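Note that the coordinates shown come from a computational prediction; the quantities given were computed from them, not determined experimentally.
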Amino acid sequence: MAVYLFAAIDVGSYDLEMTIYQIADKGNIKTIDRLRQSVAAGHDTYRSGRISYAHINEICKVLSHFSEVMRSYHINTYRAYGTSALREAENREIVLDQIKVKTGIEVTVPSNAEQRFLCYKAIAVKEKEFEDIIQKGTAIADVGSGSTQLSLFDKDALVATQYLKVGSLRVQDILAVVGADQQNRKELVEELVDADIQTFKRLYLKDRKIENLILTGMSAQYLGKKAGKQKKDRLTAAEFNEVYEKVLSLTAYELSREMDISIEHAYLMLPSVMIYKKILDVTGAQFMWMPGVTLSDGIVAEYAMEKKLIRFEHDFTEDILYSARNIAKRYKSNQKHAQSLETLALAIFDSTRKIHGLGKRERLLLQIAAILHDCGKFVSMTDPADCGYYIIMSTEIIGLSRTEQKLIANIVKYYPQNFDYEVLKEEVVEKRNIIAKLTAILKIAGILDRSHRQKINTIRCTIKDNQLILVTDAVMDITLEQNLVSSRADFFEEVYGIRPVLRRRRMSQGKQ
């Protein structure tokens, strides 16, 4: 039986953590060792926007120790991810370079959407419990040091996700600045978090019933914990309210003894629990599950999936697409036209694999661009291209990197207008070529449903004599589409070196 050792490193806003896992056949993932050291670099980022040299030095010392431990385990395979303290730091590139030079560890900083998707995958490792819970209305509340992510599920589908810039360390720093004491801290925290969560309620919870909350984040690991007793990983709303009242009544020192946690983590419990409490109140959930997962658990799950060492029944790609469709719905997109565009664009993509050389991930980006192609019309009918670009760049799509988000935004931007290589010159050449290739496909797919009447539901594509021959058995008149394909195929020919031609399939005498 093949066994792999893997190290996941979380360069967090408050803690640095390394977890060593053993991955066996059939997806059996076992934790071998876990090391954690507090380095509150988030204090610097959230207060001044930059990580200080002192904290950079501390981070490097801890990571050097992690590197030594990896060597003792003979581990060569690792992944190290940085979270919001690094992501928001103005001197991020300097910090990452210092870490690389001094420790040899290369840290990747995922987008917030990618980071939260990792947490989601970590929960899904507990597959049976996860799938059972999300059959009913469920929200995942992931409260981190710098931010909170709220994601909604309905009947196994991810229907919405939203980033809120409120987190335990960020709130604690504000309390310290304003001089909050034991008496008024509750009111101050409520003022800090209430507006964002109430906005989330107005946008996403109007007609949605939430029965379950899945709580993740550092403080969620300590809920239901009492010194000398086994931690409960499930709480009713009434039980959570008891914990909440206790946290409010105790000092950080008393809380550290009561819950058997460090004094540093005890200080962060109040803002965390108050954020959870506010989410509980606005959702009306009656049941809470704390699966006890960490970002490291998500990192190893992602690695095991990529290496085909583990397989999930849950379809994460569908969650990304479902999220995109809900964004399109929010901006009143023409759903029938978008579905037609999606189908036709994917048919062209699949038939031209040999000439574009793109893979499954680029296919997904094309699909999302098709879904969101006209969201800009919600803002302006006369300038949908730029408006669509800004909507996509401003809207988080779970599971996508910032680079992928920018690719989609540019495809949507150049779908209705001429492609501008000069404007895109700041993009790396490889990404610019991907944008051009996918935009060319989407433009032709758009022509095939120019009337928005879905005359052409399916096409068969073949490449012959430097032509991409698009054959349809459409019953309705397609003169408009044929002429438009003929007159607007220049960009596709420029990108691919072949020219699209639309033809109607000849029907046999008996079928006419």
> Would you find a donor on one side and an acceptor on the other, under 3.5 Å apart, between the side chain of Ser147 and the backbone of Val166?
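Side chain of Ser147 to backbone of Val166: no pair is present.
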> Under the salt bridge (charged side-chain N to carboxylate O under 4.0 Å, His left out) rule, collect the residues that match up with Glu239, sequence neighbours excluded.
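Only Lys232 meet the salt bridge (charged side-chain N to carboxylate O under 4.0 Å, His left out) criterion with Glu239.
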> Students often mix this up, so state it plainly: with edges at 30° and 60°, are the rings of Phe153 and Phe130 parallel, tilted or perpendicular?
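The rings of Phe153 and Phe130 stand perpendicular, inter-plane angle above 60°.
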> Sub-3.5 Å donor-acceptor pair from the side chain of Gln405 to the main-chain atoms of Thr395, do we have one?
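Yes, Gln405 side chain to Thr395 backbone: donor-acceptor pair under 3.5 Å.
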> Atom CG in Leu295, atom CE in Met218: separation rounded to 0.5 Å?
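With rounding to 0.5 Å, CG (Leu295) is 13.0 Å from CE (Met218).
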> Which label fits His265 and Tyr222: parallel for a plane angle under 30°, tilted from 30 to 60°, or perpendicular past 60°?
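Tilted, since the angle between the ring planes falls between 30° and 60°.
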> Is any side-chain heavy atom of Val125 closer than 4.5 Å to a side-chain heavy atom of Asp297?
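Side-chain contact under 4.5 Å: no.
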> Does Tyr204 have any ring pair (Phe, Tyr, Trp, His ring centres under 6.0 Å) partners at least two apart in sequence or in another chain, and if so, which?
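Checked Tyr204 against ring pair (Phe, Tyr, Trp, His ring centres under 6.0 Å); matches are Phe200.
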> Determine the sole option in Asp142, Thr216, Ile140, Leu150 for which the side-chain contact (heavy atoms from CB on, under 4.5 Å) test with Arg116 is passed.
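Exactly one option meets the side-chain contact (heavy atoms from CB on, under 4.5 Å) with Arg116, and it is Asp142.
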> Just by modelled atom types, is the Tyr253 backbone N or O under 3.5 Å from a matching donor or acceptor in the Ser256 side chain?
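Side chain of Ser256 to backbone of Tyr253, a donor-acceptor pair under 3.5 Å: yes, one is there.
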> Work out which heavy atom in Asp173 is nearest to a heavy atom in Gly42; give both atom names and the distance.
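Of all heavy-atom pairs spanning Asp173 and Gly42, the closest is OD2-O, 4.3 Å.
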> CD of Gln221 to CE of Met259: how many Å apart, nearest 0.5 Å?
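It is 13.0 Å, given to the nearest 0.5 Å.
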> Would you tell me whether Ser380 and Thr382 have side-chain atoms, one donor and one acceptor, within less than 3.5 Å of each other?
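Yes - a donor-acceptor pair under 3.5 Å links their side chains.
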> Would you say Ile368 and Leu400 make side-chain contact, with heavy atoms under 4.5 Å?
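A side-chain contact under 4.5 Å exists here.
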> Below 4.0 angstrom, N of the basic side chain to O of the carboxylate: do Glu302 and Arg79 qualify?
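So Glu302 pairs with Arg79 through a salt bridge.
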> Is Lys431 close to Asn410 at the side-chain level, that is, under 4.5 Å between some pair of heavy atoms?
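No. Closest side-chain heavy atoms not under 4.5 Å.
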> Tell me, do Glu258 and Lys246 make a side-chain contact under 4.5 Å, heavy atoms counted?
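When only atoms from C-beta onward are counted, Lys246 and Glu258 do touch, with a gap below 4.5 Å.
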> Is Asn91 reaching over with its side chain to a backbone N or O of Ile94, donor-acceptor style, under 3.5 angstrom?
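No: the side chain of Asn91 does not pair with the backbone of Ile94.
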> For Lys329, is there any backbone N or O sitting under 3.5 Å from a side-chain donor or acceptor partner on Ser333?
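Checked: no pair found.
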> Below 4.0 angstrom, N of the basic side chain to O of the carboxylate: do Asp196 and Lys165 qualify?
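No, this pair does not count.
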> Can you see whether Tyr73 engages Asp33 through a side-chain donor-acceptor pair at a distance of less than 3.5 angstrom?
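Result is yes, a qualifying pair exists.
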> Check whether any side-chain N or O of Thr161 sits under 3.5 Å from a backbone N or O of Gln149 as a donor-acceptor pair, and report yes or no.
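Flag not set: sc Thr161 to bb Gln149 has no pair under 3.5 Å.
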> For Ala285 versus Ala237, what's the shortest heavy-atom pair and its separation?
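It is O-CB, 3.8 Å.
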> Between Phe312 and Ala301, what is the shortest heavy-atom contact and its length?
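Smallest heavy-atom distance, with atoms named: CZ-CB, 4.4 Å.
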> One thing to verify: whether Glu114 and Arg402 come together as a salt bridge, which I'm taking to mean a side-chain N less than 4.0 angstrom from a carboxylate O.
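Salt bridge between Arg402 and Glu114, a charged N being under 4.0 Å from a carboxylate O: no.
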> When you compare the side chain of Phe240 with that of Leu223, does any pair of heavy atoms fall below 4.5 Å?
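SC-SC contact between Leu223 and Phe240 confirmed.
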> So do the side chains of Leu152 and Thr138 get within less than 4.5 Å of each other, counting heavy atoms only?
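No, side chains not in contact.
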> Tell me, with the steps shown, if Tyr4 and Thr77 meet side-chain contact (heavy atoms from CB on, under 4.5 Å).
CA-CA 9 Å; Tyr4 305 85; Thr77 306; over 6 Å; no
> Grab the two heavy atoms, one from Ser84 and one from Thr45, that are nearest each other, plus how far apart they are.
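So the minimum-distance heavy-atom pair works out to O-CG2, 4.4 Å.
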> Can Asp233 and Trp289 be said to form a side-chain contact (heavy atoms from CB on, under 4.5 Å), step by step?
CA-CA 6 Å; Asp233 66 354; Trp289 176 42; 4.0 Å; yes
> Which pairs, with at least one residue in residues 29-67 and sequence neighbours excluded, count as a ring pair (Phe, Tyr, Trp, His ring centres under 6.0 Å)?
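Output for this query is empty, none listed.
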> Can you sort out the partners of Glu131 under side chain to side chain contact (heavy atoms under 4.5 Å, CB included), two or more places apart, ordered by chain and number?
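Applying side chain to side chain contact (heavy atoms under 4.5 Å, CB included) to Glu131 gives Glu127, Ile134, Gln135, Asp156, His314.
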> What is the distance from atom CD1 of Ile59 to atom CD of Gln37, rounded to the nearest 0.5 Å?
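Ile59 CD1 to Gln37 CD: 11.5 Å, rounded to 0.5 Å.
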> For the pair Arg361 and Glu404, evaluate salt bridge (charged side-chain N to carboxylate O under 4.0 Å, His left out) and give the outcome as yes or no after the intermediate values.
CA-CA 9 Å; Arg361 193 66 180 180; Glu404 290 174 328; 2.7 Å; yes
> Go through the structure and list residues passing ring pair (Phe, Tyr, Trp, His ring centres under 6.0 Å) with Phe117, not counting sequence neighbours.
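Ring pair (Phe, Tyr, Trp, His ring centres under 6.0 Å) check on Phe117 returns Tyr120, Phe316.
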> Do side-chain atoms of Ser48 reach the backbone of Asp44 as a donor and acceptor pair under 3.5 angstrom?
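Side chain of Ser48 to backbone of Asp44: a pair is present.
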> Identify the two heavy atoms, one from Ser296 and one from Tyr21, that lie closest to each other, and give their separation to 0.1 Å.
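Where Ser296 meets Tyr21 most closely, the heavy atoms are C-OH, 3.2 Å.
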> So, is the end of the Lys332 side chain (NZ or CZ) under 6.0 Å from the ring centre of Phe378 and within 45° of the ring's axis?
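Here Lys332 fails the 6.0 Å and 45° test against Phe378.
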> Just how far is it from atom CD1 of Ile391 to atom CG of Asp386, taken to the nearest 0.5 Å?
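If we round to the nearest 0.5 Å, Ile391:CD1 and Asp386:CG are 11.0 Å apart.
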> Would you check if Thr31 and Ile20 make a side-chain contact, meaning some heavy-atom pair closer than 4.5 Å?
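No, every pair of side-chain atoms sits at 4.5 Å or beyond.
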> Establish, from distance only, whether the side-chain atoms of Ser219 and Ser272 form a donor-acceptor pair under 3.5 Å.
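Yes, a side-chain donor-acceptor pair sits under 3.5 Å.
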> Using side-chain contact (heavy atoms from CB on, under 4.5 Å), reason through Arg34 and Glu17 one step at a time and then give a plain yes or no.
CA-CA 7 Å; Arg34 180 165 281 167; Glu17 179 180 277; 4.0 Å; yes
> Can Ile397 and Leu372 be said to form a side-chain contact (heavy atoms from CB on, under 4.5 Å), step by step?
CA-CA 11 Å; Ile397 304 174; Leu372 298 176; 4.0 Å; yes
> I'd like to check Glu342 versus Arg325 (side-chain heavy atoms, cut-off strictly below 4.5 Å). Are they in contact?
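Yes, at least one pair of side-chain atoms sits under 4.5 Å.
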> Would you say Tyr267 has more than 12 foreign heavy atoms packed within less than 6.0 Å of its OH?
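No, not enclosed.
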> First locate atom CG of Asp15, then atom OG1 of Thr83, and finally report the distance between them rounded to the nearest 0.5 Å.
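Answer rounded to 0.5 Å: 10.0 Å.
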> Measure from the side-chain N and O atoms of Asp374 to the backbone N and O of Lys377, and report whether any donor-acceptor pair falls under 3.5 Å.
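A pair under 3.5 Å: no.
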> Is it true that atom NZ of Lys102 has more than 12 heavy atoms of other residues, nucleotides or ligands lying nearer than 6.0 Å?
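It does: Lys102 NZ has more than 12 such atoms within range.
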> Whether the side chain of Arg50 engages the backbone of Ala89 through a donor-acceptor N/O pair (distance < 3.5 Å, no angle test) should be reported.
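No; zero donor-acceptor contacts below 3.5 Å.
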> Kindly write out the residues that satisfy side chain to side chain contact (heavy atoms under 4.5 Å, CB included) with Tyr322, not counting sequence neighbours, or none if the list is empty.
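Testing Tyr322 for side chain to side chain contact (heavy atoms under 4.5 Å, CB included), a comparison that skips the adjacent residues, returns Ala157, Val159, Asn326.
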> Looking only at atom types and distance, does a side-chain atom of Asn212 sit under 3.5 Å from a main-chain N or O of Ile133, one as donor and one as acceptor?
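Between the backbone of Ile133 and the side chain of Asn212 there is a qualifying donor-acceptor contact (under 3.5 Å).
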> How many angstroms lie between CG in Leu268 and OH in Tyr14, if you round to the nearest 0.5 Å?
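Those atoms lie 5.0 Å apart.
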